[in-house]
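In what follows, a structure is listed as structure tokens, so that the remarks can point back to it.
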Amino acid sequence: MRVVVIGAGQAGAALVAKLRALGHTGPLTLIGDEPAPPYQRPPLSKAYLMGEMEEERLWLRSPEFYADNDINLRLGHPVTAIDRTAKTVQLGDEAIAYDALVLTTGSSARKLPAAVGGALPGVYTVRTLADVDAMKAEFQPGRRLIIVGGGYIGLEAAAVAAKLGLDVTVLEMAPRILQRVASQETSDYFRALHTAHGVHILESTGLDRLLGETHVSGARLTDGRELPADFVIAGVGILPGTVLAEAAGLALDNGIATNALGQTSDPAIWAAGDCASFPWRGGRLRMESVGNAIDMAEVVAANILGANEAYLAKPWFWSDQYDCKLQIAGLNTGYDQIVTRPGEGDAVSFWYYAGDRLIAVDAMNDARAYMVGKRLIETGKSPDKADIANPGTDLKALLKR
């Protein structure tokens, strides 16, 4: 069986490795449009941007791994079309045949519209190695940086810039940073953290347009104020990589729609990672995380070989900002109460409940709270809220109840 995987990111790399580990011996091709071998994205906005990690340390596997496992790694050339009838993908002038095709096309950074200055030189996004390489030289002490968007990517970039001595302003159109993904308590925690490091956070503040002729020079806000800037980072979300799937006529629904096995509307084509949505509690879910990319890709690999195993997501995420490690277990959608649990030192965790059901935990510098919370959520256990709020409660004991 000839397997072709389009998208050489975290999901694609996990999938081809899993296929070989499960004993697949047929032709296996992994195609990426970037010139670098599959690499980790999370350190791009943290250690790599700080200059604390070399490119080779980002790589998920050494280039020798692919050769040693007879994986045909094709880099630096985007696939231009999928022919579902002929079962081929077009790579330049070459048509590559498949029996099973997997789309692990990931996602791309949402850009600011050119009409508001988004195409000006000096305006960056944080998604690829090339993105970060292009902006690294801008991070010099005293320079003025405006970040549009107060989500995790924007805040991680703000933390790096503040640590390097830049003058940083974050613009957030919503009433609070992290509003789309976190509770008021988590927003308050990170606002205080960034403010303590000298970052200016402007909430309920929209961007009217970026200023400048040949290079960005500032930003005009929706309230009429103008702020100077030497460069700008747009952290305004990502878009699932659906262009090839849409052109091929595959069903889309918040990404490439898959069934519980990871199959698309064409049974010979599968999808995994950021680009794919899957059945979840009566609806559909698309997750943008390393854990989901790896776990879903490995289930799809097994299913290509006939495992017939439904993908059961176990959501987890993390973010590093300054000396704070945020670890998130579960999904907080539908929460109606937050229980705060103080930890040791500066550690704290926020526990999300929907009624009496524990659905998510945000843990700041509290690995124990994260690990126990994750286990509780995955096993369907919901401790009494008073026990969680009581710092004297032995968290591990809750797992045995």
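Salt-bridge check for Asp320 with Lys325: passed, with a basic side-chain N closer than 4.0 Å to an acidic carboxylate O. For Arg368 and Glu344, the salt-bridge test fails: no basic side-chain N is under 4.0 Å from an acidic carboxylate O. Ion pairing between a basic and an acidic side chain is recognised when a charged N comes within 4.0 Å of a carboxylate O; Asp99 and Arg2 show such pairing. Remark: Glu288 does not engage Arg41 in a salt bridge, criterion side-chain N to carboxylate O under 4.0 Å. Ion pairing between Lys396 and Asp394 fails under the 4.0 Å rule for side-chain N and carboxylate O.
Checked options Leu326, Ile153, Asp362; the residue passing with Ser319 is Leu326 (criterion: side chain to side chain contact (heavy atoms under 4.5 Å, CB included)). When each of Arg191, Gln179, Arg176 is tested with Glu203 by the rule side chain to side chain donor-acceptor pair (under 3.5 Å), just one qualifies, namely Arg191. If you run side chain to side chain contact (heavy atoms under 4.5 Å, CB included) between Val361 and each of Ile328, Ile377, Val372, only Ile377 comes through. Each of Tyr353, Phe350, Trp351, Tyr352 was compared with Tyr335 under the ring pair (Phe, Tyr, Trp, His ring centres under 6.0 Å) criterion, and only Tyr352 meets it.
Taking OG from Ser277 and CZ from Arg286, the interatomic distance works out to 8.0 Å, rounded to the nearest 0.5 Å. For the atom pair Leu19 CG and Leu305 CG, the distance stands at 5.5 Å (nearest 0.5 Å). To the nearest 0.5 angstrom, Asp131 atom CG is 13.0 Å from Lys136 atom NZ. Separating the CD1 atom in Ile6 from the CD1 atom in Ile31 is a distance of 5.5 Å, to the nearest 0.5 Å.
In this structure, the side chain of Glu172 engages the main chain of Gly150 through a donor-acceptor pair within 3.5 Å. Between the Thr222 side chain and the Gly206 main chain, a donor and an acceptor come within less than 3.5 Å of each other.
You'll find the side chain of Phe190 reaches within 4.5 Å of the side chain of Ile177, heavy atoms only. Looking at Tyr311 and Asn292, their side chains come closer than 4.5 Å, going by heavy atoms from C-beta outward.
Partners of Ser217 according to the side-chain contact (heavy atoms from CB on, under 4.5 Å) rule, which considers only residues two or more places apart in sequence or in another chain, are Leu211. The side-chain contact (heavy atoms from CB on, under 4.5 Å) search around Lys87 returns Tyr98, Ala268, not counting sequence neighbours. In terms of the side-chain hydrogen bond (donor to acceptor under 3.5 Å, both in side chains) criterion, Asn308 has no residue partners (sequence neighbours excluded).
Annotation: Phe231 is in aromatic contact with Phe139 [ring centroid separation under 6.0 Å].
With hydrogens and angles left out, the side-chain atoms of His194 and Gln321 include a donor and acceptor closer than 3.5 Å. For the residue pair Arg127/Ser107, the side-chain donor-acceptor check at 3.5 Å is satisfied. For the residue pair Glu34/Tyr39, the side-chain donor-acceptor check at 3.5 Å is satisfied.
Met173 CE: 12 or fewer foreign heavy atoms inside a 6.0 Å radius. Surrounding CE of Met50 are more than 12 heavy atoms belonging to other residues, nucleotides or ligands, all under 6.0 Å away.
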